[in-house]
Amino acid sequence: MPMFSKGIVLAQHKEPAFSKPALRFVNPQTDTIRLDVKGIAVQTKEEAIIEIAKLAQIVDERDGRLLHRKLMRAQGRAKIVIADAVDDEPFVSSRVGPLLQLTDEVADGLELCCDVAGCADRLIMVYKNVTDLQTRIPRSLKKIKVMRVRGGYPADQTRRLRRLGDMPRLIVGVGALIHLARAVYEHKKQSTVFVTVAGNCVSNPVNLEVSIGMRVSQVLDRCGLHAEPTRVVCGGSMTGISIMDAENTLVTFTTKAILASRENERDAHYTCIGCGRCEQACPAGLNPMYIHRFVQNSYYANLRPFDAQLCIGCGTCSYVCPSKLDVAPAVAVAREYALRSFAAPADPDADDAEQMETPGERKARRTAEKQAKAAAAKERRQEKSARRAADKAAAKAGREAEAARREAETEAKKATVEALRQAAEQAKAKEAQKAADAKAPTEAAPPVQTEEGAAPETLAQTEERGETGEPAPDADAAPVQPPDAGAAPLDIRGLMKELERVNAAEEAAEDKPAEDAAPTEPDKAGGEPEPDADAVPVQTARSQVDIALAELEQSLERAMASKPKPKPRPKRTPRPGPEANTAAGEEKQ
Amino acid sequence: MKLIQQPAPHIRVAQTTRGVMGDAVAALGFLYAMAYYYHGPRAPVLGLGSVAVCLACDVACNFITRGGHNIRDLSAIVTGLLLPLMMPATVGYGVVATAGLFAMLVAKAPFGGTGHNVFNPAAAGFSFAVVCFGGSLFLYPPPAFKAPVWGPSDAVLAASPAFTLRMGGTPGYDITDMLVGNYPGPMGATNILVLAACLLYLVFRGTVRWSMPFSFFATVGVLAWLFPRSAAGGLSSVGFELATGLLLFGGIFLLGDPVTTPKREMSKVAFGITAGAVVMLFRHFGRQEEELTFALLLMNAAVWGFDMAGERVASIIRRRKRKEH
Amino acid sequence: MTSVNCLSTGVAVVKLELAKMRRYRRGGRTLRRLLLGGNPALVIGLNLPFLVVASVSLRAAAAVTLELLLVHMGTLAVMLTVRRAQGGAVRLATQVAVSTLLTVWARLLVIRLFGSAAGTLGMFLYLMAVNGMTLTGGAAIGARHKPGRVLVGGLLQVGGFALAIALLALAREYAGYNTLWGVPLPATFRLSGVTAPFFGLILAGFLLGAGRFAGKAVAGARMRERARREARFLVVRDERHG
């Protein structure tokens with residue numbers, strides 16, 4: 001079971017144009033331009049030919065590339081030079097026609113190309129499946145073998161060439177060969193192009209040699225129209241472009257045909273009956289029917305398994321459609337979509353370069369490509385795994401640091417609370433009235449800075465001085481309430497819990513650095529240095545205790561108010577200080 | 001010069017959808033000729049009536065939905081021609097009209113008309129007729145009986161060999177009778193030779209791809225050989241299974257319907273094999289003597305799956321091919 | 001500027017304002033909820049089997065509708081009372097118990113009222129109990145909305161189901177048995193295939209399609225009306241300015 005189609009056989013309709021003698025329809029101003037070859041200063045014959053091709057600006061009508069570039073690439077490398085006259089599109093005979101009528105020039109051009117390439121083998125390729133020709137194409141022309149390419153449309157030349165032997169080859173269109181011969185021997189610049197004028201509205205279908213830049217309407221008038229065409233096509237009947245304004249469209253280097261036709265409109269607006277002919281005809285093995293349907297219904301997400309990016313744009317699917325649907329444009333849309341969204345575009349230069357390779361080189365290149373791909377994949381994998389490992393390590397280190405920090409913090413808080421408790425107990429026990437040094441720094445009243453390392457030390461100081469016996473307010477009591485000497489014992493655990501919870505919430509809210517995790521500073525911006533960090537140790541024990549207790553209470557209140565995020569307090573308002581101060585003052589009185 | 005911009009390609013194959021459907025109409029024309037030969041003028045009149053109903057429905061639905069389809073594509077006519085051929089020659093006009101109405105108004109138009117229907121309209125219409133009118137659809141007049149165009153017929157109706165097979169017996173007709181259709185059975189499905197000629201015609205015209213009918217028939221044959229229903233067994237079981245009932249007719253015309261079958265060649269083969277197996281399962285375990293259309297309707301629902309699976313396989317193949325190219 | 005131009009401008013403006021259009025679609029909500037939007041038969045696929053199986057005759061359709069009314073509304077009412085109950089398991093258990101009990105009671109009632117027609121329904125009535133539970137989603141509905149709204153919504157659902165099943169049963173009973181409510185009617189043609197379940201499904205599909213078509217037509221009419229109003233406004237404004 002043949003998996004993919006080898007193309008379809010088309011009725012060729014080449015005849016009236018093919019057998020008529022090719023005519024010239026040229027602009028005398030451009031046709032007489034001669035090259036200035038005097039200035040060429042080159043060593044070898046090959047370089048001279050290339051230089052002339054460059055000066056003459058010859059374009060290969062087969063693929064639209066500059067001939068001298070192709071020659072430079074093939075110089076000394078190609079083992080065979082092939083003249084391409086495979087006109088596989090119906091109505092078009094603009095290469096095979098001149099081949100038979102200007103055989104001398106084609107042979108000369110081939111000879112020149114062979115000189116550049118440094119080889120002796122040459123070949124002419126023509127299309128085989130043409131049955132309606134009145135002129136026979138001979139087996140050889142000027143002792144050059146004529147090879148017939150079998151198969152339907154699109155003609156698969158590579159398969160035929162592979163059977164011939166896989167060697168570096170230079171393929172040049174017949175028109176370019178003729179222009180090369182003229183440039184070298186007559187010093188003529190390429191100013192014309194061979195065009196087939198045909199179609200069911202053209203009175204005298206013929207192969208014309210037309211000056212580049214001529215209007216399409218002029219060319220059509222030259223051949224005569226016996227009916228008003230509804231469609232004028234520049235290019236081949238299968239792949240050409242239909243134009244809307246024949247007056248302002250000009251003949252270009254790659255115009256191989258101008259077709260004017262009129263069609264029957266009755267067989268339109270059929271719906272797709274899913275006959276599967278497009279799928280059977282597609283040379284790329286695609287399924288144009290479903291692609292067309294998805295594009296029509298905008299189901300672009302379904303297109304992925306249909307490989308629309310492999311479309312070669314031959315138009316076979318539209319040609320075979322019995323419902324006369326425009327399948328090929330839909331597939332082209334899908335191809336664009338595929339190339340844009342999930343498929344890598346093919347390298348347009350790769351085909352040209354590949355033709356110059358020997359089988360060994362091709363194999364080596366493929367192996368190298370494969371290896372490079374594998375290496376890249378491996379590298380990617382390694383990079384990925386390394387990145388993952390680094391991430392993991394970083395995460396682990398971060399976790400450990402976090403744990404250590406939390407532990408230290410907890411320790412510090414425990415110590416703080418312990419110190420506070422002790423201070424309160426001592427104060428209760430002694431009830432001393434020595435408050436001489438109590439009021440000194442409180443009006444500045446910066447928020448208390450208890451850094452991890454600093455806190456225990458400070459509190460140790462507090463403890464030390466607290467032994468002198470100063471009254472500390474009861475932690476249970478609000479600042480405004482009078483001190484209650486016989487109050488219930490402090491709910492230290494509850495306080496601690498609240499403290500921790502509030503701190504955690506604040507940290508989460510503010511994303512502070514670890515060192516900055518001061519329990520009393522929730523509203524500080526992250527990296528801002530603390531102005532009064534040094535002032536903490538010199539504060540007195542009394543104020544320290546007051547401030548710390550006030551802070552505790554405030555955080556408690558906040559926690560009781562059960563706000564998930566602490567409200568940012570006014571910026572530099574030294575709220576805790578004065579409040580504690582008043583509390584202390586009231587308490588004193 | 002007023003030109004329209006048109007996408008490439010600028011030439012089209014001469015064949016049209018109308019031509020594709022016309023091939024089917026031509027093939028069905030042979031069958032109507034044979035039915036006329038055996039059963040007289042009632043057969044073509046039934047066909048014409050059915051076509052009229054289907055065509056009227058199609059035009060009406062197209063008008064209502066403003067579908068803009070081209071009515072010239074003959075698809076409604078094919079459906080209309082298929083329906084009576086699956087029934088006995090003495091069937092009432094009402095039965096045929098009911099089947100046609102169901103086919104067009106339920107199985108075709110609601111899905112979007114030609115080309116969008118999930119289920120084969122003819123198979124759906126016939127199935128509905130079987131559900132509604134049951135046994136009377138499986139009692140056939142003798143082959144030479146010329147049914148009157150109007151009014152009740154006085155034919156002695158008989159069961160077809162398919163019924164005998166279902167009861168586990170062996171049909172008492174020899175091979176020549178089976179080939180030329182000289183036994184009671186559906187109007188269009190008894191003439192094995194004509195059906196084979198139709199199949200060849202359609203295959204050579206490219207209207208029907210060979211892969212699906214042949215894989216279908218091969219599967220049915222193999223299963224009939226392995227699990228014979230009649231006492232005769234072996235090869236005669238294969239012959240009887242293939243020749244009786246709607247199998248050949250359905251394999252050519254219902255399974256050959258391009259709309260309700262997979263598109264890719266390998267999907268078609270897989271579909272044909274599965275359909276053959278399902279049909280044989282229905283024949284072994286079904287309630288009616290002919291449930292081929294039910295089996296096909298069941299399979300029609302799975303077409304999308306077959307197409308998608310085939311596309312996956314084709315995708316693997318073409319990517320590999322591209323790599324080595 | 002001619003009025004025709006104004007009209008077309010207005011239409012264009014309205015076509016662009018998609019967000020505004022949605023507001024005008026909201027109009028026929030009650031009607032469409034009754035017909036389709038909240039119709040359990042067509043929207044919630046689980047109830048489709050009952051619709052298809054029970055719609056072979058008008059009596060059976062009436063029986064099923066009554067059953068649905070009793071079970072559905074009863075369950076909803078009970079669920080509204082226990083809506084504040086702690087824990088979903090309690091609510092679920094209550095719901096199952098209530099709907100099962102209601103089903104048994106409703107079945108007895110239906111058999112007394114409709115006799116043999118209800119008998120032919122067989123196990124489907126029992127399935128309806130569980131299905132009714134799924135359908136109402138009682139707990140969720142009860143917890144979210146006000147009681148009045150829940151009850152009205154339930155009634156509308158039952159109404160929509162009744163409408164759908166009545167239409168189907170009318171067509172199928174007449175075509176399949178040539179009777180209506182058990183009364184024989186003169187008819188020339190009888191299609192027994194209409195009573196097959198698959199044809200019920202097909203008819204339900206057609207009903208759904210017709211409903212969608214009607215809904216679209218209503219929305220389109222409203223939009224056109226709006227466009228006309230806008231156009232009139234544009235004309236007036238133009239006259240005032242120029």
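Here is the naming used below: chain letters follow the sequence lines, and residue numbers restart at 1 for every chain.
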Do B:Q15 and A:R277 meet the criterion of a side-chain donor-acceptor pair at a distance under 3.5 Å? yes

When every non-hydrogen atom of A:P329 is compared with those of B:P7, the smallest separation belongs to CG-CB, 3.3 Å

Do A:S318 and B:P9 have side chains that approach each other closer than 4.5 Å (heavy atoms only, starting at C-beta)? yes

Taking all heavy atoms of A:C275 and all of B:P258, pick out the closest pair and write down the distance. CA-CB, 3.7 Å

Hey, could you give me the CD1/CG distance between A:I273 and B:D257, rounded to the nearest 0.5 Å? 8.5 Å

Per-residue tally against chain B (heavy atom, under 4.5 Å) across A:S217, A:A11, A:P229 peaks at A:P229

Relative to chain B, which of A:S242, A:G276, A:A332, A:G236 shows the most heavy atom pairs under 4.5 Å? A:S242

Under the criterion side-chain contact (heavy atoms from CB on, under 4.5 Å), which of A:L259, A:T239, A:V233 is the partner of B:H10? A:V233

So, are A:E279 and B:K263 salt-bridged, with charged N and O less than 4.0 Å apart? no

Closest non-hydrogen atoms of A:F91 and B:I11, given as atom of the first, atom of the second and distance, are CE1-CG2, 3.6 Å

Rounded to the nearest 0.5 Å, how far apart are CZ of B:R12 and CG of A:D326? 5.0 Å

Any side-chain heavy atom of B:L3 within less than 4.5 Å of one from A:D245? no

Go through it in stages, so that I can follow the logic: the residues are A:S323 and B:T17, the test is side-chain hydrogen bond (donor to acceptor under 3.5 Å, both in side chains), and I'd like the CA-CA distance, side-chain angles, deciding distance and then a yes or no. CA-CA 5 Å; A:S323 299; B:T17 301; 2.6 Å; yes

Quick one: does any side-chain atom of B:T16 pair with a main-chain N or O of A:P322 as donor and acceptor, under 3.5 Å? no

Top residue by heavy-atom pair count (under 4.5 Å) with chain B, among A:M244, A:E228, A:R231, A:M238? A:R231

To the nearest 0.5 Å, how far apart are OH in A:Y270 and OG1 in B:T114? 11.0 Å

Which value, rounded to the nearest 0.5 Å, describes the distance between A:L286 atom CG and B:R264 atom CZ? 8.0 Å

Flag if over 12 foreign heavy atoms under 6.0 Å of CD1, A:I241: no

Tell me, side chain or backbone of B:V259 under 4.5 Å from chain A's heavy atoms, or both, or neither? both

Top of A:G315, A:G235, A:S237 for chain B proximity - count of heavy-atom pairs under 4.5 angstrom: A:S237

Flag if over 12 foreign heavy atoms under 6.0 Å of CZ, B:F204: no

Does the B:R318 side chain pair with the main chain of A:G285, one donor and one acceptor, at a distance under 3.5 Å? yes

Taking atom CZ as the centre, does B:F111 end up with more than 12 heavy-atom neighbours from other residues, nucleotides or ligands that are less than 6.0 angstrom away? yes

Checking heavy atoms, do the side chain of A:R262, its backbone, both or neither come under 4.5 Å from chain B? neither

Contact part of A:Y290 toward chain B, heavy-atom cut-off under 4.5 Å: side chain, backbone, both or neither? side chain

